[in-house]
Amino acid sequence: MEWIKELIFGTGIAHSVLLLAVVIAVGAALAKVKIAGISLGLTWILFVGIVMSHFGLLLDPGIVGFVRDFGLILFIFAVGLQVGPTFFSSFKKGGLKLNGLATLGVLLSVATTLILWKVTGVNLTTMVGILCGAVTNTPGLGAAQEAYHDATGLTDPTISMGYAVAYPLGVLGIIGSLLILRWIFRIDINKENQRLEQARENDPAATTVMAVKVFNPAVIGKRIVDMRSLTKYGFLVSRIMRQNGTVMIAAGDSLIAAGDTLLIVSSAQDEEAIAALLGEKVPVVDEQWHGEGQKYVSRRIVITKSQFNGRYLSDLKLRNNFNVNVIRVNRAGVDLAPSATLRLQLGDRLTVVGDEAALQDVSNMLGNTLKRLREPNIIPIFIGILLGVLLGSIPFYFGDIPQPVKLGLAGGTLIVAILLGRFGPQCHLITYTTVSANLMLREVGLALFFAGVGLSSGQGFVDTIVAGGWKWIGYGFIITIVPLLIVGIIAMKWCKVDYFTTMGMIAGGTTDPPALSFATHTSPNDLPSVGYTTVYPLTMFLRVLSAQLLILLVV
């Protein structure tokens, strides 16, 4: 039976693989457990690793370091690749306000951490771990550990201990802040939803669809492109119905005849002015434009051929070659304006209107074969990891700071992944991954990271908690709840952000999926998801960067 003892308590490869498998399997099983609908997710792997190492089941330091860092790289890269396509567009319009509020939340949590550090006397390295646990930000934990090791050549287990102690109440504190905000502002979910629906109906900037019958001699006989120059108002003519009932796709050189009915998309505030210019508004009868037997239909077509990756939409010449219109482009769940200068990416979903036969030709040209999207593209992944490691290893010197500042594996990989997700197609790199593939990459990376952290932190964990580490729970709760309540009150009282979007913004500002799950189940609309995805990319970057900078204050 000596082989069993060697397998469990030895130091070989088989022992390492076995221990990692047990820690991850048990932790993942516990992640399925929910209390009051709330789960700690894969963080259970961290706790199982701590228990295992506490009782003497250890990995070789070199192996555990590699597992931890490589897992972090996989997780960070998958996250960056996912948010990259929408990272820069999230700063437009209302996203600027939400990202500003989320940035304020990051700054307040850092300020709270520094105040507690001065007041309590706890080491700042430990406080950084508590901060990462309090805001449930795993990449920040990895960045902090890496920054400390790069600067000192040592490891500080109290960073991961602080994270582990603060994390559970961090999850509860984030959800609790949402409930407190609901109580402070006396939010009735149904009434709030009705108010928002009414506001959207009365929003003058909202888009609307109308049908206008043309009578104005000034536009009769002109092309659509010329007609637009007669007014300062922007609008899109989607289709034209001739007097005999024939429906055709509107092109820039389509001639307008007397009695034509135009299907127009415009802003609600410009609706009356545009109708007055052209003629007279008539009711929009869906059956006339979309009914059975009509020539034109709409279809969603997915780009699955790699030769169109990074090409401009205008390069396809869909209107000239197939007489169809692209009215919407959906990328990673976000609708984009189908402008001529829009660079397409593999996996983009185009909503196209036109003749059934023409749509089939467009579908054949673009691919529209989901099976191709399931084929893995691992070259961009490892090119990205290579570039991320190189970028993260470059030392930057600032003023009198003796130690160089590095982005580290986490920061460098995150920046490269975001840039690849956004600009990779322009370099003809296929960066598309299916949702399931991206999630698998993230989960495997996170599981390896948590297992590595847990197995390297268990020794001395209980002694540290008994010796006063239990106070860290309270410090973490303060770091969680105070900044979130301040930001939430500012958002709802002075910035006039609705409660549902505020919930999503707070969940995204802490990169906390359980809080998003709670918000989406509470809300009757998708506004929490919109708020979450708007602030998540910038917040993730700031959380990683702030954790590193705090560590550099003391090394």
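Taken to the nearest 0.5 Å, the CZ atom of R182 stands 7.5 Å off from the CG atom of D188. Of the inter-residue distances, the one linking E280 atom CD with N216 atom CG reads 12.5 Å to the nearest 0.5 angstrom. Once rounded to the nearest 0.5 Å, the distance linking OH of Y536 with CZ of F541 reads 14.5 Å. Note that CD1 of I489 is 6.5 Å distant from CG of L181, once rounded to the nearest 0.5 Å. Interatomic distance, Q194 CD to I189 CD1, rounded to the nearest 0.5 Å: 12.0 Å. To the nearest 0.5 Å, atoms CD1 (I490) and SG (C495) are separated by 7.0 Å.
Checking S109 against R543 by side-chain atom types alone, a donor-acceptor pair falls below 3.5 Å. Side-chain contact check for N364 and Q360: at least one donor-acceptor pair (N or O, by modelled atom type) lies under 3.5 Å.
Enclosure of atom NZ in K281 by more than 12 non-hydrogen atoms of other residues, nucleotides or ligands within 6.0 angstrom is indicated. Other residues, nucleotides and ligands contribute more than 12 heavy atoms inside 6.0 Å of the CZ atom of F215.
Between T136 and the options T510, T480, D512, a side-chain hydrogen bond (donor to acceptor under 3.5 Å, both in side chains) holds for only D512.
Annotation: side chain of M241 is not in contact with side chain of L263 (no heavy-atom distance under 4.5 Å). Here the side chains of F75 and L441 are not in contact, with every heavy-atom distance at 4.5 Å or above. At a threshold of 4.5 Å between non-hydrogen side-chain atoms, the residues F308 and M365 count as touching. A 4.5 Å side-chain heavy-atom check between T511 and V135 finds every atom pair outside the cut-off.
Of the possible donor and acceptor atoms, one in the side chain of S546 sits under 3.5 Å from a partner among the backbone N and O of L542. Under the 3.5 Å distance criterion, the side-chain polar atoms of Y499 are matched with a main-chain donor or acceptor of L178. T103 places a side-chain N or O within 3.5 Å of a backbone atom of N99 that can act as its donor or acceptor partner. The backbone N or O of F500 sits nowhere less than 3.5 Å from a side-chain atom of S523 that would complete a donor-acceptor pair. Of the possible polar contacts, one joining the T522 side chain to the F518 backbone as a donor-acceptor pair under 3.5 Å is found. The backbone N or O of N190 lies less than 3.5 Å from no partner atom in the side chain of N193, so there is not a single donor-acceptor pair.
Salt-bridge annotation for D260 and K213: absent, with no side-chain N of the basic residue lying under 4.0 Å from a carboxylate O of the acidic one.
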Chi angles and distances behind the side-chain contact (heavy atoms from CB on, under 4.5 Å) call for M248, R239: CA-CA 6 Å; M248 60 181 293; R239 274 165 267 184; over 6 Å; no
